[in-house]
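Worksheet: the structure to be examined is printed underneath.
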Amino acid sequence: MYASDFRQYAHQKTAPYASRLAVICLIFAAISMALGLPYLKFETEYIYGYDIIVFPLASISTIGSLILSGPLQMSNVLIASKVYDGYEPKYNDICFGFKKFKQAFLINLLEGIYIVLWALIPLVGPFIAISKGFAYSMAYYISLDNDRLSPNECIGSSVQLMQGNKWRLFCLMFSYIGWIILCALTAGILYFWVKPRMDVAVCAFYRELVGEGQIQ
């Protein structure tokens, strides 16, 4: 399948639930902003010399992001998978990742550690880290489909699954560049409709890799 196939399929699948998905995406964005704003404030205030006052807020934000990022990503993967399978997403699906909190948290933590360690390699580290980010990208989907696998096994399975496919996923994500530009031109409003399409397109990509592709 080509990037255009996945995009078209994702558009067809998300169309019936576009408004609901936009609201869900808005909720995800609000949570992310709530976690990120204190850190951004710390960055701004540090320039003017108020780092001692605002630093605790930055630390709390970083810890909150570390704790919640994994479960929220697991919830996002569940929603994309439900839409792919033709089921209506529910607002309470946002909380799904917390039912698998330990698994989701550890996947996020281990991925972060591995990527940072790869990035420390002189000269080529950042490029390897980006490649590894794509290699680890299917870990949450694998975890969702295989409850018995440990977080590290999910990451390892993702690496195997993505061998020879990292460039294909990059091309799929890059093919949305036009939509991303339009999101910027609409002050980010269009993002809440585009992001769910991208998520379902990635889900379709994963299903094709594991041999469950249903794209006509």
Side-chain angles (χ1 to χ4, degrees), residues 10 13-14 16-46 53-85 87-116 133-134 136-145 151 154-155 158 173 176 179-180 182-203 206:
K13 282 293 186 177
T14 56
Y17 316 116
S19 297
R20 180 180 290 260
L21 288 169
V23 174
I24 290 173
C25 186
L26 176 61
I27 295 172
F28 275 122
I31 295 172
S32 298
M33 289 179 65
L35 291 173
L37 282 177
Y39 183 78
L40 293 176
K41 182 179 180 182
F42 162 69
E43 289 281 334
T44 304
E45 298 293 343
Y46 178 79
I53 297 174
V54 188
F55 180 77
L57 292 178
S59 300
I60 293 171
S61 172
T62 302
I63 294 172
S65 178
L66 175 64
I67 293 174
L68 298 179
S69 292
L72 290 176
Q73 180 59 20
M74 184 70 79
S75 298
N76 193 57
V77 164
L78 171 76
I79 292 169
S81 298
K82 287 184 67 173
V83 174
Y84 174 90
D85 291 327
Y87 296 104
E88 182 179 8
K90 305 294 183 181
Y91 292 117
N92 59 7
D93 290 334
I94 296 172
C95 301
F96 171 80
F98 294 95
K99 297 178 181 178
K100 299 186 65 174
F101 177 82
K102 180 180 178 181
Q103 182 84 346
F105 170 76
L106 289 176
I107 289 175
N108 181 63
L109 179 63
L110 290 173
E111 285 184 357
I113 292 173
Y114 295 155
I115 289 174
V116 168
F134 281 98
Y136 303 155
S137 61
M138 299 298 147
Y140 290 98
Y141 287 100
I142 292 171
S143 176
L144 191 64
D145 289 343
C154 291
I155 294 173
S158 178
M173 301 307 295
Y176 277 94
W179 284 106
I180 293 172
L182 287 176
C183 289
L185 294 176
T186 60
I189 295 175
L190 189 60
Y191 168 85
F192 302 115
W193 281 266
V194 174
K195 179 61 165 55
R197 291 188 190 180
M198 295 177 66
D199 293 336
V200 175
V202 173
C203 180
Y206 165 73

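Note that the coordinates shown come from a computational prediction; the quantities given were computed from them, not determined experimentally.
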Considering non-hydrogen atoms only, spot the tightest contact between [X] and [Y] and give its length.
X: Pro196; Y: Thr14; value: O-CG2, 4.0 Å
X: Pro89; Y: Ile24; value: CB-CD1, 4.1 Å
X: Ser75; Y: Gly97; value: OG-N, 2.7 Å
X: Val200; Y: Ala80; value: CG2-O, 4.1 Å

(message) Does Ile107 form a side-chain contact (heavy atoms from CB on, under 4.5 Å) with Gln73? I'd like the steps, not just the answer.
(response) CA-CA 10 Å; Ile107 289 175; Gln73 180 59 20; over 6 Å; no
(message) Please evaluate residues Ile115 and Tyr136 with respect to the criterion side-chain contact (heavy atoms from CB on, under 4.5 Å), reporting the C-alpha separation (whole Å), side-chain torsions for both, the decisive distance (0.1 Å), and the verdict.
(response) CA-CA 9 Å; Ile115 289 174; Tyr136 303 155; 3.8 Å; yes
Point-to-point distance, once rounded to the nearest 0.5 Å, from [atom1] of [X] to [atom2] of [Y]:
X: Leu144; Y: Lys100; atom1: CG; atom2: NZ; value: 5.5 Å
X: Ile79; Y: Leu21; atom1: CD1; atom2: CG; value: 7.5 Å
X: Ile31; Y: Leu26; atom1: CD1; atom2: CG; value: 10.0 Å
X: Trp193; Y: Thr186; atom1: CH2; atom2: OG1; value: 9.0 Å
X: Leu110; Y: Cys154; atom1: CG; atom2: SG; value: 10.5 Å
X: Ser158; Y: Glu111; atom1: OG; atom2: CD; value: 7.0 Å

Kindly indicate whether the side chain of [X], heavy atoms from C-beta on, has any atom under 4.5 Å from the side chain of [Y].
X: Leu68; Y: Phe105; result: no
X: Tyr140; Y: Leu78; result: no
X: Met74; Y: Phe101; result: no
X: Val83; Y: Glu88; result: no
X: Asp145; Y: Tyr206; result: yes
X: Leu72; Y: Phe98; result: yes

(request) Answer yes or no for Arg197 and Tyr176: cation-pi contact, defined as NZ/CZ to six-membered ring centre under 6.0 Å and angle to ring axis within 45°. (result) no
(request) Check the pair Lys82 / Lys90 against side-chain contact (heavy atoms from CB on, under 4.5 Å), numbers first and verdict last. (result) CA-CA 9 Å; Lys82 287 184 67 173; Lys90 305 294 183 181; 3.9 Å; yes
(message) Atom CZ of residue position Phe28 - does it have more than 12 heavy atoms of other residues, nucleotides or ligands inside 6.0 Å?
(response) yes
(message) Quick one about Tyr84 and Asp199 (side-chain donor to acceptor, distance below 3.5 Å, no hydrogens or angles considered), yes or no?
(response) no
